[in-house]
Amino acid sequence: MTSPENETDFSDAVKRSMQIRKLYHELEKRNHGDPWTKQEDVIGFVYDVGELGRMVMAAEGRWKHQGELDKDLPDKLAECLWWLFVLSERLGIDINAAFASKMAELEASLSSSLGNTNE
């Protein structure tokens with residue numbers, strides 16, 4: 001169980017992300033007649049994760065990046081985070097609770113595993 005001081009509050013980030021997503025929905029309506037579905041949002045997210053992967057490879061000298069990697073990499077990472085906030089909201093998932101629960105689960109599991117290896 002996480003204590004309140006260990007919880008992260010993404011509420012403002014989710015709210016801002018959804019305001020921006022609404023603007024994209026308006027653009028999608030103008031260009032295609034209707035906004036993207038949740039499934040299409042996931043495809044947009046996966047596309048950006050692929051670009052992020054190539055930028056990480058470029059940062060490691062394993063991919064040629066056209067652009068300014070020092071600017072593009074943090075931008076793409078932030079965009080992927082934006083997608084996660086949008087998807088959690090559109091899917092009705094409380095990202096604050098999900099994050100706190102997952103971090104508590106990982107912490108307990110890893111602490112237990114490390115405790116078992118040190119015996």
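Being a predicted model, the structure only gives us computed values, none of them experimental. Keep in mind that the numbers below use all heavy atoms, side chains included, and drop hydrogens, waters and symmetry copies.
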With the 4.5 Å side-chain cut-off for hydrophobic clustering, are Phe45 and Tyr47 part of the same group? no
Please tell me whether Val14 and Leu23 are part of a single hydrophobic cluster in this structure, the criterion being side-chain heavy atoms less than 4.5 Å apart. no
Does the Ser111 side chain pair with the main chain of Glu107, one donor and one acceptor, at a distance under 3.5 Å? yes
Looking at Ser113 and Ser109, would you say the former's side chain and the latter's main chain have a donor-acceptor pair under 3.5 Å? yes
Would you please test His65 and Arg54 for side chain to side chain contact (heavy atoms under 4.5 Å, CB included) and show each step? CA-CA 8 Å; His65 178 71; Arg54 287 187 295 278; over 6 Å; no
Ring centers of Tyr24, Trp82 separated by less than 6.0 Å: yes
Asp48 side-chain N/O to Cys80 backbone N/O, donor-acceptor pair under 3.5 Å: no
Distance in Å, Leu84 CG paired with Phe99 CZ, rounded so as to fall on 0.5 Å steps: 11.0 Å
Pair Asp12 + Arg16: basic N to acidic O under 4.0 Å: no
The reported gap from CD in Glu79 to CD1 in Ile20 (rounded to nearest 0.5 angstrom) is 10.5 Å
Does a sphere of radius 6.0 Å around CG in Asp70 hold more than 12 heavy atoms from other residues, nucleotides or ligands, not counting ones at 6.0 Å or beyond? no
For Ser17 versus Val86, what's the shortest heavy-atom pair and its separation? O-CG2, 3.9 Å
Flag the pair Phe85 / Glu89 as yes when at least one side-chain heavy-atom distance between them is below 4.5 Å, and no otherwise. no
Spell out, yes or no, whether Leu77 and Leu81 are grouped together once hydrophobic residues are joined by side-chain heavy atoms under 4.5 Å, including indirect joins. no
What's the spacing between Met55 CE and Lys76 NZ if we round to 0.5 Å? 5.5 Å
For His25, side-chain hydrogen bond (donor to acceptor under 3.5 Å, both in side chains) partners two or more places apart: none
CD1 of Ile95 to CD1 of Ile93, rounded to nearest 0.5 Å, is 7.0 Å
Taking it one step at a time, do Val42 and Val46 satisfy side chain to side chain contact (heavy atoms under 4.5 Å, CB included)? CA-CA 6 Å; Val42 170; Val46 169; 4.2 Å; yes
Please round to the nearest 0.5 Å and tell me the distance separating atom CG of Asp9 and atom CG of Asn96. 5.0 Å
Does any N or O in the side chain of Glu40 come within less than 3.5 Å of the main-chain N or O of Thr37, such that one atom is a donor and the other an acceptor? yes
Side chains of Leu52 and Leu73 in contact at under 4.5 Å (non-hydrogen atoms): yes
Smallest separation among heavy atoms of Leu87 and Lys38, with atom names: CD2-O, 4.2 Å
When you check the gap from the basic side-chain N to the acidic O, do Glu28 and Arg21 get nearer than 4.0 Å? yes
